[in-house]
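To keep things clear, I will list the structure first and then write my remarks on it.
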Amino acid sequence: MSADPFSLAAILAMAAVTLAVRASGYLVLRRLRPGPFFRAVLEHLPGTLFVAFVAPALVREGVAGLVGGGATLVLMRATGSTPAALIGGVAAFWAARAGGL
Amino acid sequence: MQVVATRAGFRRGLRLAAPLTLGLIPFGLVVGVLAEAQGLSALEQALMSALVFAGAAQILALELWADPAPIASAALAALAVNLRFALMGPTLAGWFDALRGWRRWLAVGGIVDHAWALAIAELRAGRHDAGVYLGAVAALWLAWVATTVAGHALGALVALPRSHPLFFAAPACFVALLVPLWRGRREALPWAVAAAVALAFSHLLPQPALAVVCGAVAGALVGALIETSGRGRGA
């Protein structure tokens, strides 16, 4: 059990930023009453953020990445079960990799 | 409306959140295994899960992890992914006000999607007991720390190389998370813009987290522009 100073600093920075975001909604946003545009931006952010992360990550893995991502998407849509989607997606990626894609 | 905070409510929150903790297991295991593979010690992993308590932010930060740890990149990932928590604060403000001292700040610090959704369901049903929310947060936090610690131990046991296909589970988590976020065809253009900008910038920018943030903001701006112009939606 040990902690490296850089890792510790990164973890504490993440914790501080996350707490600040959580508290800002309660302390600031309730008084500011953000306009419809700002609200719409914030409501879109989770989706666009995950897309922006996923797209380069899948493309970097080549065809296998697209196969695995597609399988995860289809399974999640069909079953609504995260474990099923993750297992199926990883299996599809693994199979595509093994098949030389 | 009179908001209360009772012990019975706390127990009710624990009970209501118990089935939700099962849904955390796959994400917790992925976070733990990924943290181990990226060189975090068991203590560092536990500390991150206990203090940050936000699965998507942790996966994103861990994917970008390097040696020495990228402090700015990790903080940026946490900021971008967790910005949605700011939106949850105002709807729960009445409940936070009803809590005293450290309990209030524990409740604020524990804002997560599941507990928020549960609290909204309680509010809509006309129940105003902040204890329920605190109980749900407690159950989710305990389950989160436990499953990520288990994931780290599992990762140390099997010691997979970082290139192993099993690590595809990390990006797959985000693909799975996208499904419930799809609110119909109006998401298509913002999501396409987010993907295109992130792809274009991922080779140009020195920090991978920056390309992700650029794509996310560009897509969200496009979505907000479409929604607030033309349709004339009031405030």
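Note on naming: letters A, B, ... go to the chains in the order of the sequence lines (proteins, then strands), and numbering restarts at 1 for each one.
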Using heavy-atom distances under 4.5 Å, tell me whether [X] contacts chain B through its side chain, its backbone, both, or neither.
{"X": "Val17(A)", "answer": "side chain"}
{"X": "Leu19(A)", "answer": "side chain"}
{"X": "Val54(A)", "answer": "side chain"}
{"X": "Val41(A)", "answer": "both"}
{"X": "Ala23(A)", "answer": "both"}
{"X": "Leu12(A)", "answer": "side chain"}
{"X": "Leu58(A)", "answer": "side chain"}

Contacting region of [X] [heavy-atom separation from chain A under 4.5 Å]:
{"X": "Met88(B)", "result": "neither"}
{"X": "Ala72(B)", "result": "neither"}
{"X": "Asp97(B)", "result": "both"}
{"X": "His203(B)", "result": "neither"}
{"X": "Leu51(B)", "result": "both"}

Find the one option among [options] whose heavy-atom pairs under 4.5 Å with chain A are most numerous.
{"options": "Pro90(B), Gly23(B), Cys173(B)", "answer": "Pro90(B)"}
{"options": "Pro165(B), Ser202(B), Gly219(B)", "answer": "Pro165(B)"}
{"options": "Ala56(B), Gly89(B), Pro180(B)", "answer": "Gly89(B)"}
{"options": "Phe167(B), Trp65(B), Phe27(B)", "answer": "Trp65(B)"}
{"options": "Ala220(B), Ala211(B), Ala78(B)", "answer": "Ala220(B)"}
{"options": "Ala77(B), Pro171(B), Ala93(B), Gly215(B)", "answer": "Ala93(B)"}

Any idea which of [options] has the most non-hydrogen atom pairs under 4.5 angstrom with chain B?
{"options": "Ala13(A), Pro46(A), Ala85(A)", "value": "Pro46(A)"}
{"options": "Pro5(A), Ala91(A), Gly68(A)", "value": "Gly68(A)"}
{"options": "Arg39(A), His44(A), Arg31(A)", "value": "His44(A)"}
{"options": "Ala52(A), Ala55(A), Pro56(A)", "value": "Ala52(A)"}
{"options": "Ser81(A), Ser24(A), Gly69(A)", "value": "Gly69(A)"}
{"options": "Ala15(A), Gly89(A), Gly47(A)", "value": "Gly47(A)"}

Matching residue for Phe50(A) among Trp182(B), Phe174(B), Trp191(B) - test: ring pair (Phe, Tyr, Trp, His ring centres under 6.0 Å):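 For Phe50(A), the ring pair (Phe, Tyr, Trp, His ring centres under 6.0 Å) test succeeds with only one of Trp182(B), Phe174(B), Trp191(B), which is Phe174(B).
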Roughly how far, to the nearest 0.5 Å, is [atom2] of [Y] from [atom1] of [X]?
{"X": "Thr21(B)", "Y": "His114(B)", "atom1": "OG1", "atom2": "NE2", "result": "9.5 Å"}
{"X": "Leu34(B)", "Y": "Thr148(B)", "atom1": "CG", "atom2": "OG1", "result": "12.0 Å"}
{"X": "Phe201(B)", "Y": "Leu210(B)", "atom1": "CZ", "atom2": "CG", "result": "10.0 Å"}
{"X": "Asp4(A)", "Y": "Ile11(A)", "atom1": "CG", "atom2": "CD1", "result": "9.0 Å"}
{"X": "Leu76(B)", "Y": "Leu64(B)", "atom1": "CG", "atom2": "CG", "result": "9.0 Å"}
{"X": "His152(B)", "Y": "Leu29(B)", "atom1": "NE2", "atom2": "CG", "result": "13.0 Å"}

Establish, yes or no, whether the cationic atom of Arg22(A) lies under 6.0 Å from the six-membered ring centre of Phe85(B) and within 45° of the ring axis.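 Verdict for Phe85(B): a cation-pi partner in Arg22(A).
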How about CZ on Arg77(A), more than 12 heavy atoms from neighbouring residues, nucleotides or ligands closer than 6.0 Å, or not?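 Counting neighbours around CZ of Arg77(A), 12 or fewer heavy atoms of other residues, nucleotides or ligands fall under 6.0 Å, so no.
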Atom CZ of residue position Arg162(B) - does it have more than 12 heavy atoms of other residues, nucleotides or ligands inside 6.0 Å? yes
Does the side chain of Thr91(B) pick up a donor-acceptor pair with the side chain of Trp116(B) at under 3.5 Å? yes
Check whether any side-chain heavy atom of Gln45(B) sits under 4.5 Å from a side-chain heavy atom of Glu36(B), and report yes or no.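 Side chain of Gln45(B) against side chain of Glu36(B), heavy atoms only: no contact under 4.5 Å found.
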Does Glu61(A) pair with Arg97(A) as a salt bridge, N-O distance under 4.0 Å?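 Counted as a salt bridge, because a side-chain N and a carboxylate O are separated by less than 4.0 Å.
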Below 30° counts as parallel, above 60° as perpendicular, anything between as tilted: where do the rings of Tyr133(B) and Trp95(B) land?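 The rings of Tyr133(B) and Trp95(B) stand perpendicular, inter-plane angle above 60°.
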